Amino acid sequence: MKQASLFASPNWTVTSITSYLRELFESDELLRNVWVKGEISNLSRPRSGHIYFTLKDSGAAMRAVMWRSSVARLNLDLRDGMEIEVHGYISIYDVSGQYQLYADQIRPVGEGALYQEYLRLKALLEAEGLFDPDAKRPIPNLPKKIGIVTSATGAAIRDMLNTLQRRMPLAEVIIAPTMVQGDAAPPKIVAAMENLLRVAPDLDLLLLGRGGGSIEDLWAFNDERVVRAVAAYPVPVISGVGHETDFTLTDFAADLRAATPTAAAEQATPITIAELSGANNHYTEKLREQMSAILDAAFVNLDDFSQRLGYVSPLRQVQRDAQTLDGLNQRLNRGQTHHLGMLREKLFGLGSRLDALNPAKVLARGYAIVTRHSDGKVVSAADDVQPDELIHIRVKDGEIDAKTI
Amino acid sequence: MKKIEELTYEEAFAELEAVVGTLENEEKTLEESLALFERGQVLSKYCSRLLENAELRVKQLVDGDLDE
């Protein structure tokens, strides 16, 4: 055995030897990727957001730390005394010289077995074709009746109803409340799905929802009974279980997988009421345009026809006839005037002839009319009077009473 | 023709679409066109009313049965 020389100068500082050891730890394949099982003690959560604790079992203890970035992904409420499995790497904290476990994942003890079961079941159901992408059914554009299977309390149902109300309030929603976590949950979920179909055989779509939680909380949606019921459901199923990063077997079996309950409700309503409203306005506008085009065409037609009608109109015949009548009238008038003139002339001729016969005129020429006084008879012959008879003699300017001798 | 109030939104809208299509593509008498137009207007108003008054109808199962 080599004897250390008391007088040799030191070739390490504490820092350099610690660095050396740290590099030794960190270059070890085994220590870079470990799952360590133990119980939490001395749990500390300072404001920095990192978590410090001691992981121990009956034989040993080691320090452990989880940085804030990994804590953010932690789905587990850590408590002292909790049995956990920690994943990470082992290295040395220079400042204290302590080796420790740098954790990036923590799960409850037994979850590893759970995960193995998950993988086994997934492979089995996949082989049976339950997750077959070709068997996925399309989501109806305008589902009238939407079923929801979820917990009656909690954010999931509220989020889904709000989203449905906002996007498609024409729909009818039937909620089949159920417990969604715990050992009793799977048969209850299946029963809720069946009840829904019984009361609403005309269901268009089923939403399966559950808000985020630890992988244990979501476990009911990895249950074979639930997964099979989803795959066999007669109407399309949208699953909205957990968060973006959580994939359950139900998600694989569903016709559509949504990241969250809200996203599930969005995907359940491909067409929104705003789009319906737009389409309705569009067709209403088209209806008006088309009608006015038809009316315009009809008016143009009508104008055309009235013109053509004008040519063949009885009115024109009547007008023509009226003109003829006017002409006839004129001619008639003219004829009549002529006729009257002739009559007048004739009359005038007769008048002068009559005038010529006027006895007064005869008297004017110096003739006289003699009448008998006794009976007024005109004396036209000598025998008409006796001697000593009273007579009247009418001359041009008066009468003379006389007596024959 | 069904009574307006008995139509679902989809039925009413589909009929409105059909009415517009008929007016656009088929020769009809003016009287028929006017009748179609009036029907279309009624349908359009009915659709608007349904959309404006739409309120999500929510029912819940209690013990596996509808809670009426």
Side-chain angles (χ1 to χ4, degrees), chain A residues 141-142 144-149 152 157 160-178 188 191-192 194-196 198-200 265 269 271-295 297-299 301-302, chain B:
Chain A
N141 277 332
L142 266 181
K144 283 194 277 292
K145 209 169 262 191
I146 302 173
I148 299 182
V149 168
I157 184 66
M160 286 193 279
L161 288 180
N162 284 342
T163 306
L164 292 175
Q165 165 66 35
R166 175 170 53 81
R167 288 175 62 90
M168 188 36 72
L170 286 175
E172 184 182 344
V173 174
I174 303 173
I175 304 168
T178 172
K188 298 229 162 162
E194 284 166 357
N195 286 335
L196 204 51
R198 191 166 41 72
V199 301
T269 49
I271 292 180
T272 65
I273 189 162
E275 285 162 334
L276 286 189
S277 200
N280 187 44
N281 291 344
H282 172 71
Y283 275 97
T284 305
E285 189 53 35
K286 268 182 116 165
L287 181 71
R288 284 202 196 103
E289 277 170 14
Q290 198 52 38
M291 195 60 222
S292 52
I294 287 172
L295 282 178
F299 275 122
N301 240 347
L302 190 60
Chain B
M1 257 191 277
K2 254 181 160 181
K3 268 197 181 156
I4 280 279
E5 292 75 20
E6 292 167 7
L7 297 178
T8 66
Y9 180 84
E10 282 156 297
E11 287 170 333
F13 184 72
E15 203 187 320
L16 174 61
E17 264 183 312
V19 163
V20 172
T22 306
L23 282 177
E24 278 175 342
N25 303 320
E26 283 175 37
E27 284 284 322
K28 292 274 174 194
T29 67
L30 192 58
E31 203 177 338
E32 286 167 332
S33 294
L34 277 169
L36 277 171
F37 174 68
E38 274 165 24
R39 177 74 179 170
Q41 274 199 318
V42 171
L43 289 165
S44 151
K45 276 189 195 132
Y46 177 66
C47 285
S48 304
R49 205 171 64 233
L50 281 187
L51 294 182
E52 279 160 21
N53 299 336
E55 188 77 41
L56 196 68
R57 284 162 296 158
V58 180
K59 291 181 192 160
Q60 185 159 334
L61 298 190
V62 173
D63 298 326
D65 273 306
L66 264 189
D67 181 26
E68 298 288 5

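Protein chains get the first letters and strands the later ones, always in sequence-line order, with residue 1 at the start of each. What you see is a predicted model; the values in this text were computed from it and never measured.
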Among B:L23, B:L34, B:L43, who wins on heavy-atom pairs under 4.5 Å with chain A? B:L23
Contact class of [X] relative to chain B, heavy atoms under 4.5 angstrom:
X: A:Q290; result: side chain
X: A:R198; result: side chain
X: A:I146; result: neither
X: A:A279; result: both
X: A:I148; result: neither

Between B:L61 and A:I175, is there a side-chain heavy-atom distance shorter than 4.5 Å? no
Restricting to non-hydrogen atoms, name the atom on [X] and the atom on [Y] that form the minimum distance, rounded to 0.1 Å.
X: B:L56; Y: A:A171; result: CD1-O, 3.5 Å
X: A:M291; Y: B:S33; result: SD-O, 3.7 Å
X: A:A152; Y: B:Q60; result: CB-NE2, 3.9 Å
X: B:V20; Y: A:Y283; result: CG2-O, 3.6 Å
X: B:Q41; Y: A:L287; result: N-CD2, 3.4 Å

From [X] atom [atom1] to [Y] atom [atom2], the distance as rounded to the nearest 0.5 Å:
X: A:N280; Y: B:R49; atom1: CG; atom2: CZ; value: 12.0 Å
X: A:L170; Y: B:L51; atom1: CG; atom2: CG; value: 5.5 Å
X: A:E285; Y: B:S44; atom1: CD; atom2: OG; value: 10.0 Å
X: A:L276; Y: B:C47; atom1: CG; atom2: SG; value: 9.0 Å
X: A:I294; Y: B:L36; atom1: CD1; atom2: CG; value: 8.0 Å

Between A:N281, A:L196, A:N195, A:L295, who has the most heavy-atom pairs with chain B when the cutoff is under 4.5 Å? A:N195
Side chain, backbone, both or neither: which part of B:F37 has a heavy atom under 4.5 Å from chain A? both
In this structure, are over 12 heavy atoms from other groups packed under 6.0 Å from [X] atom [atom1]?
X: A:K188; atom1: NZ; answer: no
X: B:E5; atom1: CD; answer: yes
X: B:E6; atom1: CD; answer: yes

Would you confirm whether B:R57, through its side chain, and A:I174, through its main-chain N or O, come within 3.5 Å as a donor-acceptor pair? no
